[in-house]
Undergrad: 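This is the structure, below, for whatever I ask next.
Every chain is numbered from 1 and lettered A, B, ... according to where its sequence line falls, protein lines coming before strand lines.
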Amino acid sequence: MKNEDIKEELLRLSKPLADLPKVEKQGVPADYFNNLPSLTWNKITTDTSSTTHAERRIVPIWGKLAGVAASFALLFSMFQQLSLDQPQDDLPLDAVVEYFIDNVDELDEEFLFEIHVQSLDLAELGDDALDYILEEDLEMIDDQILEALY
Amino acid sequence: MKVPEDDEILELIADPSDQERGFKLMMVKYQKPLYWHIRRMVKEHEDANDVLQNTFIKVYKNIERFESKSKLYTWLYKIATNESITFLNKKKRIKTESLETAELVKESRAVDSQDGDLIIKKLNSAIDKLPEKQRMVFSMRYFDEMTYNQISEMLGTSVGGLKASYHHAVKKIETLILEGKLN
């Protein structure tokens, strides 16, 4: 049943892909799976501290900066759109951009992203921007928007 | 040989005198699906082997924290997924471009189109070109045939977000395969 649902979904999305045979062509050394449980058990009993350092997850600073930069770029495009609907002297785009550049450290990344997402048509986004959203900031986007998109 | 139920395995693991047997039974039962899940993400066998062993070590260290609210299988997948992501993040810092992908693409071009393997290679190359999270979601749905709810539980991503990722991935793979944009 579950399997059928997945097949039907794929058929709806892409018939060529649904028609492809699902074959994994990667090789595994002979007897790998026969030996793995004993090898792993030996490792467990001899090595008790090898992975403790890996449990900590570090968020690199550049990731945050990239998020802010992307949000800013998206925000910029939002203001470009807004500026088409408003008189030029009402809210000069340069002044808005300058304000955000000067105060970007004080602005909340999620807030920037949210106001952008709420005001943009995601279907208009290019593949790169959509990839960025789907990879990095998915949780900030309302489920209904995503459902509507796909 | 009869495949033991998860409850039986967990009971054995909880008993110090049977712990080794119980843990080995668990590995035998789940090593293949976990291995392929990891291998699709990290690509190389050596890397998949390391990640899988680390996964089992982590499972061993945390088995007491496992609560039967979720299935053992789901919990194991979740740990394997996290270990794979940790591995990929470490690797990303060292290597920005995947040489394996480049090799695969080169290889797929070299094979004559009359070979049925070509389309499989193209599919693999297209999957390799997906961003990390889309690749993971695509593999879990397409190869492992998981429901969105199962994937959501493992990745901590909303079902709507997963659908978006999967649908976007499918469209991208289709475009890459049909329009020959695999370079």
Undergrad: Measure across B:Glu174 and A:Ser14 and return the closest heavy-atom pair with its distance rounded to 0.1 Å.
TA: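 Smallest interatomic distance, heavy atoms only, reads OE2-OG, 2.7 Å.
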
Undergrad: Please classify the contact of B:Leu52 with chain A as side chain, backbone, both or neither, using a heavy-atom distance under 4.5 Å.
TA: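 Contact with chain A is through the side chain of B:Leu52 alone.
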
Undergrad: Which one, B:Tyr60, B:Phe56, B:Tyr142, B:Phe87, leads in non-hydrogen pairs under 4.5 Å with chain A?
TA: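 The residue among B:Tyr60, B:Phe56, B:Tyr142, B:Phe87 with the greatest pair count is B:Tyr142.
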
Undergrad: When rounded to the nearest 0.5 angstrom, what distance separates CG in B:Leu34 from CG in A:Leu36?
TA: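 Separation between the atoms: 10.0 Å.
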
Undergrad: Look up atom CG in A:Leu13 and atom NE2 in B:His168, then write down how far apart they are to the nearest 0.5 Å.
TA: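 Answer rounded to 0.5 Å: 12.5 Å.
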
Undergrad: Tell me whether the rings of B:His45 and A:Tyr32 are parallel (<30°), tilted (30 to 60°) or perpendicular (>60°).
TA: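 Correct class here is perpendicular.
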
Undergrad: Do B:Ile177 and A:Pro16 have side chains that approach each other closer than 4.5 Å (heavy atoms only, starting at C-beta)?
TA: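 B:Ile177 vs A:Pro16: side chains apart.
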
Undergrad: Do you reckon A:Leu20 sits in the same ILVMFWY cluster as A:Leu11, going by side-chain contacts under 4.5 Å, direct or chained?
TA: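 No, it is not one cluster - the side chains of A:Leu20 and A:Leu11 are not joined through contacts under 4.5 Å.
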
Undergrad: Can a donor-acceptor pair be found, under 3.5 Å and without considering hydrogens, that links the side chain of B:Lys24 to the backbone of A:Ser38?
TA: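 Flag not set: sc B:Lys24 to bb A:Ser38 has no pair under 3.5 Å.
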
Undergrad: CG/A:Leu10 to NE2/B:His167 distance, rounded to the nearest 0.5 angstrom?
TA: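 Rounded to the nearest 0.5 Å, the CG-NE2 separation comes out at 9.5 Å.
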
Undergrad: When rounded to the nearest 0.5 angstrom, what is the spacing between OG1 in A:Thr40 and CG in B:Asn49?
TA: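 The CG atom of B:Asn49 is 7.5 Å from OG1 of A:Thr40, to the nearest 0.5 Å.
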
Undergrad: Give me the atom names and distance for the closest heavy-atom approach of B:Met27 to A:Trp41.
TA: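 What the structure gives for the nearest pair is CE-N, 4.2 Å.
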
Undergrad: Please determine whether residues B:Phe23 and B:Tyr73 belong to a single hydrophobic cluster, defined as Ile, Leu, Val, Met, Phe, Trp and Tyr linked transitively by side-chain heavy-atom distances below 4.5 Å.
TA: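 Linked, B:Phe23 and B:Tyr73 end up in one cluster.
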
Undergrad: On a heavy-atom basis, which atom in A:Ile6 and which in B:Met146 lie closest, and how many Å separate them?
TA: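 That would be CD1-O, 3.7 Å.
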
Undergrad: Quick one: does any side-chain atom of B:Gln31 pair with a main-chain N or O of A:Phe33 as donor and acceptor, under 3.5 Å?
TA: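 Pair found, side chain donor or acceptor close to backbone of A:Phe33.
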
Undergrad: As a quick check of understanding, evaluate side-chain contact (heavy atoms from CB on, under 4.5 Å) for B:Tyr148 and A:Asp5, giving each step before the final call.
TA: CA-CA 11 Å; B:Tyr148 285 118; A:Asp5 289 347; over 6 Å; no

